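Predicted model, so just to flag it, every value in this text is computed and none were measured. Here is the naming used below: chain letters follow the sequence lines, and residue numbers restart at 1 for every chain. Side chains included, hydrogens not; waters and symmetry mates left out as well; all remaining heavy atoms used.
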Amino acid sequence: MLYKGKPVDLTPEQEEVATMYAVMLDTDYMNKPKFKENFMTDWRKILGRNHVIQSLEHCDFTPIYEWHQKEKEKKKQMTAEEKKALKEEKLKQEEKYMWAIVNGVKEKVGNFRVEPPGLFRGRGEHPKMGKLKKRIRPSDITINIGKDAPIPECPIPGQSWKEIRHDNTVTWLAYWNDPINPKEFKYVFLAASSTLKGQSDKEKYEKARLLKDYIHGIRAAYTKDFTSKDPTKKQIAVATYLIDKLALRAGNEKDDDEADTVGCCTLKVENVEPVPPNILKFDFLGKDSIRYQNEVEVETAVFKAIQQFRSGKKGSDDMFDRLDTSKLNAHLKELMPGLTAKVFRTYNASITLDDKLSRETKGGDVAEKVVVYQHANKEVAIICNHQRTVSKSHSAQMTRLNEKIEELKGVLEELQTDLARAKKGKPPLKSADGKPKRNLNPDALEKKIAQTNAKIEKMERDKETKEDLKTVALGTSKINYLDPRITVAWCKRHEVPIEKIFNKSLLAKFAWAMDVDPSFRF
DNA sequence: CGCCATAAATCGGGGAAGACGTT
DNA sequence: CAACGTCTTCCCCGATTTATGGC
C-alpha cells in the first residue's frame, strides 16, 4: 500500500489544516491575497453549509504555506536530469507495489495508492457534498493474501494493518471502509490487463453473444405480455422492452444519502411523458447525474401500458410500482442462463458496432476507415447516453481550424494562379510579402496543388468529426461495452493498424482478443 | 534548421456510482 | 427483503506527449 500526498504523521488538527490547504491549492486560492478568507466565503457559497469551515476559523496556514513555497522553488531550480532522476526514484519506490503473484503468475495491480484526505464533492446534487474525507491509515486496511505469502510491510512505522485475510474466493487484494459512507468499501483490485480481469471480460461478451440466440424469443415474449392481465407481468414486459430498445440501466433503489438519480426500474411518473398517439418523452437524471433526454416512438401497446402505469399517481411516484431490479433479473434468468438487465446494454452496443462496421466500411485509405469506425462508435455512445462536457477550449479550437483552412485555401488559389502562368511560360507572381518565389514547372505545381487539396480535405474532416463528437464520449463504450474482437477482426480485414483504434492501455486490456480470426462476427 | 518555451491535444489514472449476487 | 459485499461502469482532470512558434 502506497501513501499519496504529504505528511502522514500529523495530529488530527494539523491533518484538517493540511487537507483544507490542499483543496485551496487545487482551486488556486493560494496565489491570491487573503486566500483563506476568499476560499471560505466561496466554499460556503458552493455548499450552502459551513460545518467544515467552522473548524478552520483559528487555523494558521502560514507554516505549511511556507513549506510549500520552498518545495516549489526547489523543484523549479532542478535541472532536467535531476527531475528525471527523481522520477526514476519514484518509479523504483512504486515498483514493489505494482505486482501480485496470482496462481503463480505475476499480475499487474490496479490502484495501489490510497487517496489522500480531501473534501468530497460527488456528482450532481450529492447530499454528502463538502464532507471532509479523512486520511486512510494502515489500521483501516484489510489485506487479502495467500496463506503462505509474507505479510507486506506496513509503510508507516509503528502502525499495523487492520487485518490479514486469506480468501481465495474473491479478487480484491485489500479494502477499507469508504470514509464518506462508512458502510461502503474501497478496494484494491488487479489491473484491467490482468488475466483475471481479461477472463471475466471475455465471459461478459460471450454471455452477450449468447443473447443473440434468445433475443427473438425474448422480444416475442415481452411483446405478448404488453397486454397481460397480470400487472406485474405487464410491468416486467414494458421494463424489459425499454431496457432492450433504449439501453436503459437496471435502476437499483438508492438511499437518501445518495444523489437522486434513476434507472429503468426506478423511473418516476414525471420522467416519462406520453405524447399521443405513440411518442414517449423521457427526461431524467441517470448514473452520475447525467441527463437522459429522448423522444421515442413506441408500439401502441407500450404507449397504453405506460399511460396506465402513470394514471392516478403523483409525478414523484414510481412508474413501475410492482418492480425492482431483483424481480426483473429473476425473470430474465428464466429466459436465458445468466441473463440480467445489463447484458442487453452490452449486446446492443456490440451488435450495433458490428453491424455498422460491416455495413459502412467501403474502400478508402486508413484515415477514412477510422472515420467510419468513429461514426459507428459514436452511434453506440449515443445509444448508451455516454456524454462529456464540451471542453473549455472547444470554440477556440474550431476557430483555429477554420483559420487554417482559410489560409490553405489562399495558398491553393495562389498556386493555381502560378500554375496558369507557368503553363504560359511566365514566372510566378511575387508572394504577399513582396518576396520573389521559386520558378516551378507546371508538374511540380500540380503536385503541390494536389497536396494542398488533400491537406484541406483532411482538415475539413477533422473539423467535422470534432464538432460532431464534442459532447459524445467514445471511450466509455470502447472500454466497457464493445467486444474488442469485433474491432480486432475488422482491423485485420481492412488493414487498419489496431493502434489507430486502441491506445496502449486498451491493447493491454484486450490482449485476450488479439488473436481472433479475421472472420469473427459478434 | 535546431533549440527552447509554451500551448494544445491526448492519455491514463482516479475515485465515484452503478449492477447484482449473497447473507 | 434490507443490508452487505464485490465487481463493473462512468466521467473528470492532471500528467504526459505532441504541436507550434519565436529566435
Side-chain angles (χ1 to χ4, degrees), chain A residues 4 25-26 80 87 94 109-116 118 120-124 126 128-129 133 136 142 144 167 169-173 175 177-193 196-197 200-201 203-204 243 248-255 257-266 285-290 324-330 332-333 338-346 349 381 384-394 396-397 400-401 404 462 466 471-482 502-509:
Chain A
K4 292 191 285 194
L25 276 185
D26 282 351
K87 206 174 147 189
E94 292 189 345
V109 177
N111 56 324
F112 51 84
R113 299 172 188 87
V114 163
E115 52 193 309
F120 177 80
R121 172 58 184 83
R123 315 259 165 86
H126 198 114
K128 301 213 170 194
M129 178 197 305
K133 208 160 44 165
I136 306 300
T142 300
N144 188 27
D167 186 349
T169 67
V170 294
T171 70
W172 55 266
L173 308 175
Y175 85 90
N177 284 89
D178 179 2
I180 292 301
N181 200 341
K183 58 186 180 197
E184 289 179 358
F185 313 99
K186 298 284 187 190
Y187 293 90
V188 172
F189 292 120
L190 290 178
S193 57
L196 197 78
K197 293 280 188 191
S200 84
D201 214 22
E203 282 163 13
K204 173 180 80 184
I243 284 168
L248 299 189
R249 295 185 188 84
N252 287 286
E253 302 293 334
K254 297 190 77 183
D255 284 347
D257 56 6
E258 297 175 285
D260 193 12
T261 63
V262 301
C264 184
C265 292
T266 40
L285 295 183
K287 180 172 176 178
D288 291 339
S289 295
I290 298 291
D324 62 36
T325 53
S326 12
K327 279 184 196 138
L328 179 70
N329 282 335
L332 293 176
K333 286 223 156 44
L339 185 61
T340 61
K342 84 194 211 21
V343 180
F344 284 91
R345 244 166 112 79
T346 313
C384 295
N385 201 37
H386 291 148
Q387 299 188 22
R388 60 174 184 162
T389 47
V390 180
S391 86
K392 236 184 347 195
S393 59
H394 177 80
Q397 286 174 32
R400 254 172 13 91
L401 268 175
K404 284 198 168 162
D462 286 354
K466 198 179 216 68
T471 61
V472 187
L474 299 187
T476 308
S477 52
K478 225 190 240 184
I479 294 175
N480 298 299
Y481 287 108
L482 300 175
F502 290 158
N503 62 29
K504 227 172 98 190
S505 48
L506 286 181
L507 285 173
K509 174 179 162 111

Phosphate OP1/OP2 of B:dG18 contacted by A:Lys254 side-chain N/O (<4.0 Å): yes
Out of C:dT9, B:dG12, B:dA16, minimum distance to the side chain of A:Ser505 belongs to B:dG12
Rounding to a whole Å, what distance do you find between A:Asn181:CG and B:dG15:P? 17 Å
Please name all residues satisfying side-chain contact (heavy atoms from CB on, under 4.5 Å) with A:Lys466, sequence neighbours left out, ordered by chain then number. A:His394, A:Gln397, A:Met398, A:Leu401
How does each nucleotide of nucleotides 1-7 of chain C score, in 5' to 3' order, for protein heavy atoms under 4.0 Å: base (B), sugar-phosphate only (S), or none (-)? ----SBB
Check this for me: does the side-chain of A:Lys287 come within 3.5 Å of the base of C:dT9 through a donor and an acceptor? yes
Rounded to the Å, how far apart are A:Glu94 CD and C:dA15 P? 13 Å
Which pairs, protein N/O on one side and nucleotides 21-23 of chain B N/O on the other, fall under 3.5 Å?
| unit_1 | atom_1 | unit_2 | atom_2 | d |
| --- | --- | --- | --- | --- |
| B:dG21 | OP1 | A:Lys333 | NZ | 2.4 |

What's the CG-P distance between A:Asp288 and B:dA19, to the nearest Å? 11 Å
Measure the distance from NZ on A:Lys509 to C1' on B:dG12 and round it to the nearest whole Å. 13 Å
Which nucleotide in B:dG18, B:dG13, C:dC12 has an atom nearest any side-chain atom of A:Arg113: B:dG13
Let me know the distance between CD1 of A:Ile180 and C1' of B:dA16, rounded to the nearest Å. 11 Å
At under 4.0 Å, does any side-chain N or O of A:Asn503 touch on OP1 or OP2 of B:dT10? no
Whole angstrom value for the distance that separates P of B:dG14 from CD1 of A:Ile136: 15 Å
Between C1' on B:dC20 and CD1 on A:Ile243, what's the gap in Å once rounded to a whole number? 13 Å
At under 4.0 Å, does any side-chain N or O of A:His386 touch on OP1 or OP2 of C:dC10? yes
Report yes if at least one side-chain N or O of A:Arg123 is closer than 4.0 Å to OP1 or OP2 of C:dT9; otherwise report no. no
